[in-house]
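Notes follow the structure.
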Amino acid sequence: MLNPQVVQELVDSLEAPFVIELVNTFLEDSPQLIDEIHQGIQGNETEQVHRAAHTLKSFSKTFGLEQLGSLCQGLEKLSAHGELSEGTKSAAKDTEAAYRPARQALADLRQELVPMTAPSSRPPES
């Protein structure tokens, strides 16, 4: 689900507290993006679908959520053509299905990172 190498590189370069902030942003913002995709499909709003898929793709790739990122990229391409075909609707359903386990994987990652943010119990060196 999560690419461990991408996650490790993220933690190494940004440190755990900031990665937790990024995870929190994803967990807070992504349900709205899924809703925007769904509403855009319902209302035949290709730009809305395209924008939400693009944003969700970017979030996904940040964390190495490769399946979700790939599905979002496909949905983004399909919606870029100005009409929402049955293929676009099917891609949106696949994206939504992949989103649930991706969201859980990030919630789990957040729990793993929390201990890394606790102050060290060692006394400071003099």
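Here, residue 1 is the first one in the sequence, and each next residue gets the next number.
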Problem set entry | Closest non-hydrogen atom pair between Ala97 and Pro101, with its separation | O-CD, 3.1 Å
Seminar exercise, completed: Rounded to the nearest 0.5 angstrom, the CG-CD distance for Leu33 and Glu96 is 12.0 Å
Problem set entry | Nearest heavy-atom neighbours spanning Ile41 and Ala92 | CD1-CB, 3.9 Å
Seminar exercise, completed: Thr88 meets the side chain to side chain donor-acceptor pair (under 3.5 Å) criterion, sequence neighbours left out, with Ser85
Exercise. What is the minimum heavy-atom distance between Ala16 and Leu113, and which atoms define it?
Worked result: CB-O, 4.1 Å
Exercise. Tell me the salt bridge (Lys or Arg N to Asp or Glu O under 4.0 Å) pairs involving residues 49-58, sequence neighbours left out?
Worked result: Glu47-Arg51, Lys57-Glu76
For this session: Only counting residues at least two apart or in another chain, list the ones meeting salt bridge (Lys or Arg N to Asp or Glu O under 4.0 Å) with Glu86.
Result: Lys89
Side chains of residues 65-75: which donor-acceptor partners sit under 3.5 Å, not counting sequence neighbours?
from, atom 1, to, atom 2, distance (Å)
Glu66, OE2, Asn3, ND2, 2.5
Gln73, OE1, Lys61, NZ, 3.2

Under 3.5 Å, which donor-acceptor pairs link side chains of residues 4-13 to any protein atom two or more places apart or in another chain?
from, atom 1, to, atom 2, distance (Å)
Gln5, NE2, Glu9, OE2, 3.2
Gln8, NE2, Asp12, OD1, 2.7
Ser13, OG, Glu9, O, 3.0
Ser13, OG, Leu10, O, 3.3

Seminar exercise, completed: For Met1 and Ala102 the tightest heavy-atom approach is SD-CA, 3.5 Å
For this session: For the residue pair Gln39 and Glu45, establish whether any side-chain heavy-atom pair is separated by less than 4.5 Å.
Result: no
Exercise. Leu78 and Gly87: which non-hydrogen atoms are nearest, and at how many Å?
Worked result: CD1-O, 3.7 Å
For this session: Look at the side chain of Thr117 and the backbone N and O of Val114, then say whether any donor-acceptor pair between them is shorter than 3.5 Å.
Result: yes
Exercise. What pairs of residues pass the salt bridge (Lys or Arg N to Asp or Glu O under 4.0 Å) test when at least one of them lies in residues 15-39, not counting sequence neighbours?
Worked result: none
For this session: Measure the spacing between OG1 of Thr62 and CG of Leu14 and express it to the nearest 0.5 Å.
Result: 9.5 Å
For this session: Can you tell me which residue pairs pass the salt bridge (Lys or Arg N to Asp or Glu O under 4.0 Å) test with a partner in residues 101-118, sequence neighbours excluded?
Result: none
Exercise. With sequence neighbours excluded, what pairs up with Phe26 under the ring pair (Phe, Tyr, Trp, His ring centres under 6.0 Å) test?
Worked result: Phe59
Problem set entry | Spacing of Leu84 atom CG and Gln42 atom CD [to the nearest 0.5 Å] | 10.5 Å
Problem set entry | Residues that Ser30 engages under side chain to side chain donor-acceptor pair (under 3.5 Å), provided they are two or more places apart | Tyr99
